[in-house]
Amino acid sequence: MIRVPRPAFHLTPRRNWMNDPNGLVHHSGLWHAYFQYNPESSDWGNMSWGHASSTDLAHWTEHPVALRHRPGEQIFSGSVVAEQDGGRLIAHYTSAYDDGRQAQSRAVSDDGGLTWSPDLENPVLDRGTTSFRDPKVVRFPTADGRDRWILVAVEADARQVLFYGSDDLRTWEHLSSFGPLGPGGVVWECPDLVPLAVDDDPDDIRWVLLLSTNPVGDDADPRGSAMSWIAGTFDGIAFTPDTRRFARLDEGRDLYAGVTFDSAPDGEAVMLAWMSNWRYAHAIPSSPWRGAMSLPRRLSLRRDCRGRVRLRQEPPVFVREHLADTPSKVVLAARPFAELALTGHSLLELEWDPRTTGSLRLRLAGDADAFAELSHDPETATLRFERGGPDAEAVHPDFASACTTGLIEDGSTRRLLISLDGPLLEVFADDGAATITHLVMLGDGPVVASLQTERAGAVRASTAHLAADRPTEALAAALA
Ligand code: FRU
């Protein structure tokens with residue numbers, strides 16, 4: 001059996017099963033991430049909220065289970081907000097009852113998110129239906145300067161997003177519903193509604209609806225789970241999209257259930273997502289843990305050279321800082337082939353001009369009988385990713401796969417930022433206008449990146465290696 005190294009700078013549970021991020025909130029200097037967790041096994045079940053926190057989004061400390069399943073009730077996905085007055089944290093989550101009903105419940109924490117008291121009147125929002133879930137509470141600024149609370153949830157089977165409003169975070173009034181829209185044969189899950197300024201223009205705010213879709217039915221799409229986004233307006237009651245179609249958020253196979261943190265500093269939209277796919281999540285051969293979160297990504301809206309508004313996802317500051325500190329900068333000039341040594345927990349940034357190099361190929365291989373390969377084709381302005389080899393095929397029949405993403409055709413320098421942390425590969429192209437997020441099975445040792453260009457030309461490569469180290473002292477101090 002292939003060995004899967006534990007990521008060094010991503011959130012994983014010490015042991016057992018993890019899926020969606022839940023209750024993301026920044027509070028008293030700490031980033032809190034709760035997550036779908038099975039406290040008893042490394043398979044899905046007994047769903048509860050696990051809990052971890054971080055001062056820097058790179059090092060995470062796991063805490064005791066925050067909300068535990070009970071006889072007859074599992075705790076499905078949801079969100080946390082920090083109350084404006086009083087400093088309490090309020091969670092909304094889905095109570096998934098054994099009789100099939102799904103309804104929204106509430107819990108309060110008075111100690112900064114370590115312990116939680118479920119409301120005695122739970123569930124607080126019940127439609128008597130069986131796929132009503134994943135409440136995300138967001139703030140809508142009103143004219144008097146106070147926030148009104150908006151709860152966004154799905155009727156998953158009906159492919160609808162439901163909007164509710166509240167002034168007290170307890171009584172919820174139905175405002176509107178959105179959908180269905182786009183392809184059938186999927187359930188809608190884990191919505192979020194995020195206000196973002198186009199090109200940082202405070203007078204051009206769009207509300208971006210994030211959505212996760214998972215194929216269902218006998219002949220389900222083998223590509224499995226995926227995230228989408230659509231920009232529009234939200235007037236405090238209803239969401240009106242700017243276009244008629246959702247756009248895919250990431251072309252890779254392994255980014256799902258992404259939602260943003262409440263109360264992030266400077267009002268930034270920081271998204272964390274589960275790095276797996278329901279198609280084969282149960283088969284990932286990691287132990288004693290199963291499931292990991294993506295890098296926390298800063299979301300923004302940018303117009304591309306054709307004037308289209310695109311969602312940009314940027315890696316967190318610590319990634320940029322590590323690359324800026326990097327001692328190794330390699331310039332490949334007259335050689336069309338080079339090898340770069342990575343540790344398996346590495347960042348790699350490549351910069352080149354396709355007009356001189358022609359196409360470019362980067363192949364990653366470690367001690368497993370598997371590979372991951374990226375190739376850029378300047379003719380079609382596409383980036384293709386493929387993972388394969390016997391050890392990848394052994395994970396699951398649908399694990400070995402390929403995908404392609406279109407890039408902005410502006411003819412100039414190309415930049416790719418690649419984060420490899422054990423099995424987690426995240427590729428940011430065009431400064432995050434396109435991303436490819438994939439699990440890879442390269443083994444437990446160092447990784448070699450082989451770089452090849454069609455014609456001899458300069459490729460600038462920066463690498464940084466991150467070690468698995470202990471939680472920072474700042475975190476220990478913050479928790480004390
Ligand atoms: C998405 C999801 C959610 C649900 C949770 C259960 O991955 O299916 O809709 O709340 O996982 O673990």
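Counting starts at 1 for both ligands and their atoms, in listed order.
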Are H174 and Y164 close enough that their ring centers fall under 6.0 Å?
-> yes
Has the side chain of Q313 got a donor or acceptor atom that lies under 3.5 Å from a matching backbone atom of L249?
-> yes
Here the atoms of ligand 1 under 4.0 Å from any heavy atom belonging to S77 are 5 (C), 10 (O)
Donor-acceptor under 3.5 Å (R133 side chain, S95 main chain) = no
The answer for which part of W278 has a heavy atom under 4.0 Å from ligand 1 is side chain
Verify, without hydrogens or angle tests, whether D99 (side chain) and R101 (backbone) share a donor-acceptor contact under 3.5 angstrom.
-> yes
Which residue holds the protein heavy atom closest to atom 8 (O) of ligand 1, what is that atom called, and what is the gap in Å?
-> E189 OE2, 2.9 Å
Based purely on interatomic distance, does Y256 place a nitrogen or oxygen under 3.5 Å from a nitrogen or oxygen of ligand 1?
-> no
Looking only at protein heavy atoms, identify the closest one to atom 7 (O) of ligand 1 and say how far it is in Å.
-> D20 OD1, 2.7 Å
R363 charged N/C atom sitting above F371 aromatic ring, 6.0 Å / 45° | yes
Does W274 reach ligand 1, in the sense of a heavy atom lying below 4.0 Å from it?
-> no
Do H32 side-chain atoms and G112 backbone N/O form a donor-acceptor pair below 3.5 Å?
-> yes
Can you sort out which atoms of ligand 1 are near N19, meaning under 4.0 Å from one of its heavy atoms?
-> 5 (C), 7 (O), 11 (O), 12 (O)
Select one of side chain, backbone, both or neither to describe which atoms of T94 lie under 4.0 Å from any atom of ligand 1, heavy atoms only.
-> neither
For atom 4 (C) of ligand 1, what is the nearest protein heavy atom, given as residue, atom name and distance?
-> D134 OD1, 3.5 Å
What is the closest protein heavy atom to atom 6 (C) of ligand 1, and at what distance does it sit?
-> Q36 OE1, 3.2 Å
Assess R387 against F399: is NZ or CZ under 6.0 Å from the centre of the six-membered ring, and within 45 degrees of the ring's axis?
-> yes
